[in-house]
Amino acid sequence: MFTQAYSPEQSAFGKLENGRDVLILYVKEFSKEVQAVNQAALSEYTYHWFATEHKDAYVLQVTWENELHVAIRFNAQHFSLIGQLLQPKDIILTTTPISELMEKAQKSDYDFLEFNDVLTFSSLTFTVPDSEHLS
């Protein structure tokens, strides 16, 4: 099965208001999917990890109840991000560059980021894909 996956262009770590650790990923290609999920008010999703055909990257695929999905590709340069996901982590997927969000916060003298179109995922954990996905 072929899945179009996109790599994050920017990433950051932070804390949510409730104190939970969060990984923020900027992937510009998901604008339509983010809008579709938010407009449909979808909240039920499943996720799984799999290795690419050449086993040189991992992909996180998230699917909602209406079969809409996103696939985020973590190449070798992103493996430190995956390392952060060995413990359950919340993820914010944004289609606005994190650098723009930081600039806006600095100009407004905020100690937080203001997001517009995002998807949030609670307690995602990286699991090594089983051998059937690796062959």
Side-chain angles (χ1 to χ4, degrees):
M1 177 175 112
F2 178 76
T3 299
Q4 182 68 46
Y6 297 99
S7 294
E9 291 185 35
Q10 295 178 347
S11 61
F13 295 98
K15 288 224 181 262
L16 297 174
E17 289 177 352
N18 62 10
R20 291 170 61 147
D21 291 326
V22 65
L23 170 61
I24 304 166
L25 301 174
Y26 162 57
V27 184
K28 69 180 174 193
E29 289 86 357
F30 293 138
S31 293
K32 290 178 184 172
E33 290 84 354
V34 169
Q35 288 178 354
V37 169
N38 287 334
Q39 286 175 351
L42 299 175
S43 60
E44 297 291 322
Y45 60 85
T46 58
Y47 74 96
H48 74 279
W49 291 92
F50 61 90
T52 58
E53 181 180 355
H54 300 291
K55 301 173 186 76
D56 59 347
Y58 292 104
V59 176
L60 168 65
Q61 184 167 350
V62 180
T63 306
W64 286 266
E65 57 229 20
N66 68 347
E67 299 302 314
L68 186 67
H69 72 275
V70 296
I72 303 169
R73 180 186 175 107
F74 294 88
N75 298 316
Q77 71 265 28
H78 302 112
F79 285 178
S80 63
L81 296 176
I82 290 178
Q84 292 293 318
L85 292 166
L86 293 175
Q87 298 293 321
K89 184 97 45 192
D90 291 352
I91 295 179
I92 296 174
L93 177 63
T94 180
T95 58
T96 303
I98 296 169
S99 55
E100 284 183 24
L101 297 171
M102 295 289 291
E103 284 177 28
K104 184 177 177 184
Q106 289 172 343
K107 286 179 183 175
S108 302
D109 202 26
Y110 292 158
D111 61 354
F112 58 88
L113 299 179
E114 284 187 309
F115 294 101
N116 291 325
D117 286 330
V118 299
L119 296 177
T120 58
F121 309 103
S122 295
S123 300
L124 294 192
T125 304
F126 173 72
T127 55
V128 178
D130 60 37
S131 58
E132 73 182 48
H133 289 99
L134 296 175
S135 53

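Keep in mind that the numbers below use all heavy atoms, side chains included, and drop hydrogens, waters and symmetry copies.
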Do [X] and [Y] belong together in a cluster built from hydrophobic side chains that touch within less than 4.5 Å?
{"X": "F30", "Y": "Y26", "result": "no"}
{"X": "F112", "Y": "V22", "result": "no"}
{"X": "V27", "Y": "I82", "result": "yes"}
{"X": "Y47", "Y": "L81", "result": "yes"}

Where [X] and [Y] come nearest, the two heavy atoms and their spacing:
{"X": "E114", "Y": "L101", "answer": "O-CD2, 3.2 Å"}
{"X": "A71", "Y": "V59", "answer": "CB-CG1, 3.8 Å"}
{"X": "P8", "Y": "I72", "answer": "CD-CG2, 3.8 Å"}
{"X": "T125", "Y": "P88", "answer": "OG1-CA, 3.4 Å"}
{"X": "A36", "Y": "L68", "answer": "CB-CD2, 3.8 Å"}

Gap separating the [atom1] atom of [X] from the [atom2] atom of [Y], nearest 0.5 angstrom:
{"X": "I24", "Y": "T120", "atom1": "CD1", "atom2": "OG1", "answer": "12.0 Å"}
{"X": "L16", "Y": "D90", "atom1": "CG", "atom2": "CG", "answer": "5.5 Å"}
{"X": "Q35", "Y": "N116", "atom1": "CD", "atom2": "CG", "answer": "11.0 Å"}
{"X": "T127", "Y": "W49", "atom1": "OG1", "atom2": "CH2", "answer": "8.0 Å"}
{"X": "S123", "Y": "L85", "atom1": "OG", "atom2": "CG", "answer": "11.0 Å"}

Any heavy-atom pair between the side chains of [Y] and [X] that's under 4.5 Å?
{"X": "L119", "Y": "Y45", "value": "no"}
{"X": "F13", "Y": "D21", "value": "no"}
{"X": "M102", "Y": "L113", "value": "yes"}
{"X": "L60", "Y": "V70", "value": "no"}
{"X": "L93", "Y": "F115", "value": "no"}
{"X": "T96", "Y": "D117", "value": "no"}
{"X": "L25", "Y": "F74", "value": "yes"}

* Asked: Do the rings of Y58 and F126 sit parallel, tilted or perpendicular, given the 30° and 60° boundaries?
  ->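 It falls in the perpendicular class, over 60°.
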- Specify whether W64 and F121 have parallel, tilted or perpendicular ring planes, treating 30° as the upper limit for parallel and 60° as the lower limit for perpendicular. tilted
- Task: Determine the sole option in E33, E100, E9 for which the salt bridge (charged side-chain N to carboxylate O under 4.0 Å, His left out) test with K28 is passed.
- Result: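 Running salt bridge (charged side-chain N to carboxylate O under 4.0 Å, His left out) over E33, E100, E9 with K28 returns exactly one hit, E9.
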Distance-only side-chain donor-acceptor flag, S122 / R20, under 3.5 Å
no
Has Q84 got a side-chain atom pairing as donor or acceptor with L23's backbone, closer than 3.5 angstrom?
no
- Task: Inspect the surroundings of CD in Q87 and state if more than 12 heavy atoms from other residues, nucleotides or ligands are less than 6.0 Å away.
- Result: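 Counting other residues, nucleotides and ligands, CD of Q87 stays at 12 neighbours or fewer.
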Result for side-chain contact (heavy atoms from CB on, under 4.5 Å) between V118 and one of I92, V34, I91, N38 points to I92
Going by salt bridge (charged side-chain N to carboxylate O under 4.0 Å, His left out), name the pairs with one or both residues in residues 38-49, residues two or more places apart or in two chains.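 Passing the test, one end in residues 38-49: no pairs.
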Q.
Does anything in residues 62-79 form a salt bridge (charged side-chain N to carboxylate O under 4.0 Å, His left out)? List the pairs, not counting sequence neighbours.
A.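 Non-adjacent pairs meeting salt bridge (charged side-chain N to carboxylate O under 4.0 Å, His left out): D56-R73.
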